[in-house]
Amino acid sequence: MTRCPDCGEPLLIYEMDGVETDHCIACGGTWLDAGELELVVEKAGVDPTPMVEALEGATLGGKGSRRCPRCRRKMFLTRLGPEDGVELDICAAGHGIWLDRGEMEQVASAFSEGAAGAVASYFEELYPTERREG
Ligand SMILES: [Zn+2]
Ligand SMILES: [Zn+2]
């Protein structure tokens with residue numbers, strides 16, 4: 001079983017249109033394996049190219065406190081997006097990225113205007129059991 005890097009609850013696997021994500025219903029975070037960011041964004045109807053390029057060229061910041069659910073090593077903080085971008089956790093071994101609740105929408109809107117709504121509604125469809133708070 002894979003545990004949430006943030007709160008330690010079990011991650012649930014959600015599958016839609018051939019895209020699989022690991023999601024924590026306790027804290028609302030999402031783990032995306034390498035290559036899944038591209039798929040999620042594309043399925044949401046947004047051009048993934050600028051995000052994928054930014055992710056490939058992302059420079060790693062300091063080590064964060066969360067561990068990669070695949071290799072259990074501490075992930076690094078990185079910033080994705082124009083200007084300051086959105087801070088997220090990335091596995092230095094290339095296993096994937098961790099996004100807190102709402103960060104995927106922030107990343108999408110940083111790269112493409114109006115994309116946050118598209119990604120948000122995709123996630124609503126993907127995680128129908130999610131308790132929405134506030
Ligand atoms: Zn969690
Ligand atoms: Zn890893």
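Just follow the structure's listing: the first ligand is 1, and inside any ligand the first atom is 1.
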Side chain to side chain contact (heavy atoms under 4.5 Å, CB included) assessment of V41 paired with V52: CA-CA 10 Å; V41 171; V52 171; over 6 Å; no

Residues forming a side-chain hydrogen bond (donor to acceptor under 3.5 Å, both in side chains) with T30, sequence neighbours excluded: H23, Y127

With R66 via side-chain hydrogen bond (donor to acceptor under 3.5 Å, both in side chains) - residues at least two apart: D6, D89, D100

K43 side-chain N/O to D17 backbone N/O, donor-acceptor pair under 3.5 Å: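 Indeed, once roles are kept as given, a pair shorter than 3.5 Å links the two residues.
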
Side-chain (Q106) to main-chain (S109) donor-acceptor, under 3.5 angstrom: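 Pair absent, no side-chain N/O of Q106 close to backbone of S109.
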
Metal environment of the Zn ion (ligand 2), protein N/O/S under 2.8 Å: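 For the Zn ion (ligand 2), the protein N, O and S atoms that sit under 2.8 Å away are C68 SG, C71 SG, C91 SG, H95 ND1.
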
Environment of the Zn ion (ligand 1) in terms of protein N/O/S atoms, cut-off under 2.8 Å: C4 SG, C7 SG, C24 SG, C27 SG

More than 12 heavy atoms of other groups within 6.0 Å of E15 CD: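 Yes, CD of E15 has more than 12 neighbouring heavy atoms, counting only those of other groups under 6.0 Å.
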
hydrophobic_cluster_shared for M104 and L11, side chain cutoff 4.5 Å: no

From CA spacing to verdict: side chain to side chain contact (heavy atoms under 4.5 Å, CB included), C68, W31: CA-CA 9 Å; C68 169; W31 168 259; 3.8 Å; yes

Worked check of side chain to side chain contact (heavy atoms under 4.5 Å, CB included) between W98 and C4: CA-CA 9 Å; W98 173 258; C4 173; 3.6 Å; yes

